[in-house]
Amino acid sequence: MPLHAAGEYRRGAKSLAQLYISSYTPSLTALIKARRRSDQPLPVSFAAIGQNCPEGHSTILDCVEPELTLVQSLLPRPPKVSFTKITSIDATKSRALSALRDNPWLHFACHGTQNHTEPFKSAFLMRDEPLSLLDITQMDLSSHAFAFLSACETAVGDFHTPDEVIHLAAALQFAGVNSVVGTLWQVNDISVQRLVEAFYKSFCGDGTMNSKRAARALHRAVQSLLADADIPLDQRIVFVHIGI
């Protein structure tokens, strides 16, 4: 059980999530650097990157296109937000790298893999080839505010070396992204769609874009799903916030 989900799971008992808003950090250095930075003023550039059928995978992620459309509908309208969507055959590694470099606000919806043997080969799976953790660590993202990683295993790390945090979400923060939402294990389509909707309504529903609101927005989104019997416990606690 992850720390943010700690509690007594019996009727009438309290859990940590009812008392506190949880946020993780891969290192104190990364957290200190993030706290020193501030978001860029409006308008902001927001890129949604989705890949539903990457190279070497026969399983199509039917939820990707609807998810990106949902995200766009929940963001503030231009001129506050300049929105770019990259999907399907256009979502190649090179296009994803360009979007990652040029847009301080990001949402990924795709397959994600954590390589426990060689962590730097962990990756977002694009149309032609993976966008790896190593690729991300070689970028300067110090002007970046926020990334939502709607992909499996983006913050899972290595169970054999828990003190060494090497995963996709941590890589983005090490590279400079202030605030990152990632996942600890596999996610299902129903859970993702409901959580993404609840998250963005809380995060920027009032027309404000502030990355420091991400942890609270994720907390509220998760709390809003507690009464939903269709979403099992493992899917209510799969998303975590990293950074500020």
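Salt-bridge check for R213 with D206: passed, with a basic side-chain N closer than 4.0 Å to an acidic carboxylate O. Using a 4.0 Å cut-off between charged nitrogen and carboxylate oxygen, D140 and R101 do not count as a salt-bridge pair.
Between F148 and the choices F46, F199, F108, the ring pair (Phe, Tyr, Trp, His ring centres under 6.0 Å) rule is met once, by F199. H107 pairs with exactly one of F83, F124, F146, Y200 by the ring pair (Phe, Tyr, Trp, His ring centres under 6.0 Å) rule, that one being Y200. Applying the side chain to side chain contact (heavy atoms under 4.5 Å, CB included) test between L97 and each of D135, T92, I136 identifies D135 as the sole match. When each of L106, L172, N178 is checked for a side chain to side chain contact (heavy atoms under 4.5 Å, CB included) with L141, only L172 meets the rule.
Scanning both residues, I237 and L184, for their nearest heavy atoms gives O-CD1, 4.1 Å.
Under a 3.5 Å cut-off, the side chain of R216 and the backbone N or O of K212 do not form any donor-acceptor pair. Remark: side-chain polar atoms of S179 are not paired, donor with acceptor, to backbone N or O of A214 under 3.5 angstrom. Between the side chain of Q235 and the backbone N or O of N188 there is at least one donor-acceptor pair closer than 3.5 Å. Panel note: side chain S23, backbone G243; a donor-acceptor pair is recorded below 3.5 Å. In terms of modelled atom types and a separation under 3.5 Å, the side chain of N103 and the main chain of A99 share a donor-acceptor contact. Judged purely by atom type and a 3.5 angstrom limit, T137 has no side-chain atom pairing as donor or acceptor with the backbone of A171.
Residues Y20 and H4 keep their aromatic ring centres 6.0 Å or farther apart.
Q223 CD: more than 12 foreign heavy atoms inside a 6.0 Å radius. For K201, the NZ atom is loosely surrounded, since the number of other residues' heavy atoms within 6.0 Å does not exceed 12.
Within the 4.5 Å cutoff, the side chain of Q51 has no heavy atoms near those of the V64 side chain. Side-chain contact between N52 and D62 is absent, with no heavy atoms from C-beta onward closer than 4.5 Å.
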